[in-house]
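So the structure is just underneath, and the comments pick up after that.
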Amino acid sequence: MRSTVPAGRPNRLFRNLNSKIALIPMILTALVVFLGGTVWTVVYSFTRSGLLPRLTFVGLDQYERLWAAPRWIISIQNLAIYGVLSLIFSLVIGFILAALMDQKIRFENTFRTIFLYPFALSFIVTGLVWQWILNPEFGVQSVVRSIGFTNFTFDPLYNSQIVIYGVLIAGLWQGTGLVMCLMLAGLRGIDEDIWKAARVDGIPMWRTYLFIVIPMMRPVFITTLVLIASGIVKVYDLVVAQTSGGPGIASEVPAKYVYDYMFQAQNLGQGFAASTMMLITVAIIVIPWAYLEFGGKKRG
Amino acid sequence: MANISALNQTAAGFDAVSDQLGSGPRGKKPRRTFSGRNIVIYGTLFVAAVYYLLPLYVMVVTSLKGMPEIRLGNIFSPPVEITFEPWVKAWASACTGLNCDGLSRGFGNSVRILLPSVVVSIIVASVSGYALANWRFKGADLFFSILIVGAFIPYQVMIYPIVIVLRELGIYGTLTGLVVVHTIFGMPILTLLFRNYFTSLPEELFKAARIDGAGFWQIYFRIMLPMSLPIFVVAIILQVTGIWNDFLFGVVFTRPDTYPMTVQLNNIVNSVQGVKEYNVNMAATLLTGAVPLFVYFVSGRLFVRGIAAGAVKG
């Protein structure tokens, strides 16, 4: 800036001053909230914080207690089942729908609107609707029974063995539309000539998809995978709305463990330790991806 | 005996299936529009569409029935007697705890949260994106990288330090506090969106304005802002749906009388006291979902663009 640079030796700090002022909120967010907040939580996870955060270090005590808690173990198991199945199903269903949509069909916009609208709804709304549909007294189970199959049993939300699959059904309903959209964008990015070449060589369509198109769409798959996976780790509202963690503690998830210990059980140390574990999980997913994606190039 | 009857059943089932399968090729050569390939494609898409539409249908149908009809009938049947009472009750007199003024309170709170949060977060992010795109300085990209990596950190990790900071500032539990939180967590994705958009604009424009003596803010308001209406619309769509649907920040950073609609909805439906009124619950759920659904159906393609960019937000 002309006016701010004094004559003679320009002061480096004041060069481009307006831009620096404009970026203060962003820099504060990045350094204080994201970096500072994360470091703070990790540090305090090694302390004996109860009702209030205190800097009395107790080493790994909180983590030992965490991994000894049945509720945490169930949370992790649920997250693993929900995560793996939701990744597989949303990628497979999303890709199949996208491939079907890519056949130059009519009403493409109508179908896309239908597949994607659940994504506009919140997890709370999603959870509550599916809680109602899966209600054994009035929902799917009672409808099938009333047709004549009197022994039909489908009550995932009241059966602690399968409750997480009930949550999965709702989660897939909400999220596959997005995957379909990302996949469709990926398919549209494939060169038309590839298809022509495959047809000339007489390769059947399914083989073209499986062995040519999907390998070419690797970046799209990886990005989608990372997006879904880092979203799965945060799953919270859906469980709160659909099952409140029940029956008993059968559908608890880590994010809910963190919230409950921080804001309800007044046991901050446990909350910090659990949230640090969540952070590690995300890091395991994101760091290899970021390395692959941005490691080669110097600037992202 | 059992075997034979089972065999008969299987045979009957087989006949039914082979009928369906065989009817295509056996007849005349089908018209192009009804080729087997098309039937499979449209059939699958149709079945999928039914699965996706079913919950919306069930919500609407349930919310228009009276409780006696719900207890007797099944959830998929259309209402015999249409009643709008559940909607009125959900809006005006459903109870959460001691308050019995329905979702209207939550709706008002959500609007009061939504408007300033959307405006502030978009102003801050668009200026940041502009500075990053056109007025780079050493180190700016480093902060930006931290911001983007931060977008993947689970909120639960950062929530408690924010509570402490807001409490120290005296704005914990207030509307201002929640606006700050939404601005912070909207920043990574919005800044990325604006930065990429401003970078894609021709640089000559910026240079010409600089030569004519325009400064930082002048270029922003006179040149960049008028040229970037579409990206602002995308950002607004993203923020309106995101903030309206938020639950976690609403629970953590507000007090019961300022709870946003999602939190209040959850409290109404999942309250353990009293008789469950499923029709009122579904009307309440629809009312809460109405705003993002409206945004979605009106904005169409722009929404798709927004979520493709906003998928990072999770």
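Here is how names work: the chains are called A, B, and so on, in the same order as the sequence lines, proteins then strands, and each is numbered from 1. When reading the values below, keep in mind they use all heavy atoms of this one structure, side chains included, and skip hydrogens, waters and symmetry mates.
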inquiry  = If I measure from the heavy atoms of chain B, does A/I287 come under 4.5 Å with its side chain, its backbone, both, or neither?
reply    = neither
key: Heavy-atom proximity to chain B below 4.5 Å, by part of A/Q131   = side chain
ask   = Side chain, backbone, both or neither: which part of A/T223 has a heavy atom under 4.5 Å from chain B?
value = neither
ask   = What distance separates B/I123 CD1 from B/S128 OG, expressed to the nearest 0.5 Å?
value = 11.5 Å
query = Checking heavy atoms, do the side chain of A/F272, its backbone, both or neither come under 4.5 Å from chain B?
reply = side chain
ask   = What's the verdict on side-chain hydrogen bond (donor to acceptor under 3.5 Å, both in side chains) for B/Y130 and B/W135, showing C-alpha distance, side-chain angles and the deciding distance?
value = CA-CA 7 Å; B/Y130 162 65; B/W135 300 80; 3.0 Å; yes
query = What part of A/M180 lies closer than 4.5 angstrom to a heavy atom of chain B: side chain, backbone, both or neither?
reply = neither
message = Taking the ring of A/Y257 and the ring of A/Y261, is the distance between their centroids below 6.0 Å?
response = yes
Contacting moiety of A/V33, where chain B heavy atoms sit under 4.5 Å = both
Proximity breakdown for A/V42 and chain B, heavy-atom pairs closer than 4.5 Å = neither
request  = Check whether A/Y117 gets within reach of chain B through its side chain, its backbone, both or neither, counting any heavy atom under 4.5 Å.
outcome  = both
key: A/F111 versus chain B, the contacting section by heavy-atom distance below 4.5 Å   = side chain
remark   = The interface call for A/S142 against chain B, heavy-atom contacts under 4.5 Å, is neither
ask   = Can you say whether A/P118 sits under 4.5 Å from chain B via the side chain, the backbone, both, or neither, judging by heavy atoms?
value = side chain
task = Name the option with the most non-hydrogen atom pairs under 4.5 Å to chain B; the candidates are A/Y44, A/W132, A/W40, A/F115.
result = A/W132
key: Output field: ring centroids B/F249/B/F185 closer than 6.0 Å   = yes
task = Drop me the distance from A/S86's OG to A/I169's CD1, to the nearest 0.5 angstrom.
result = 12.5 Å
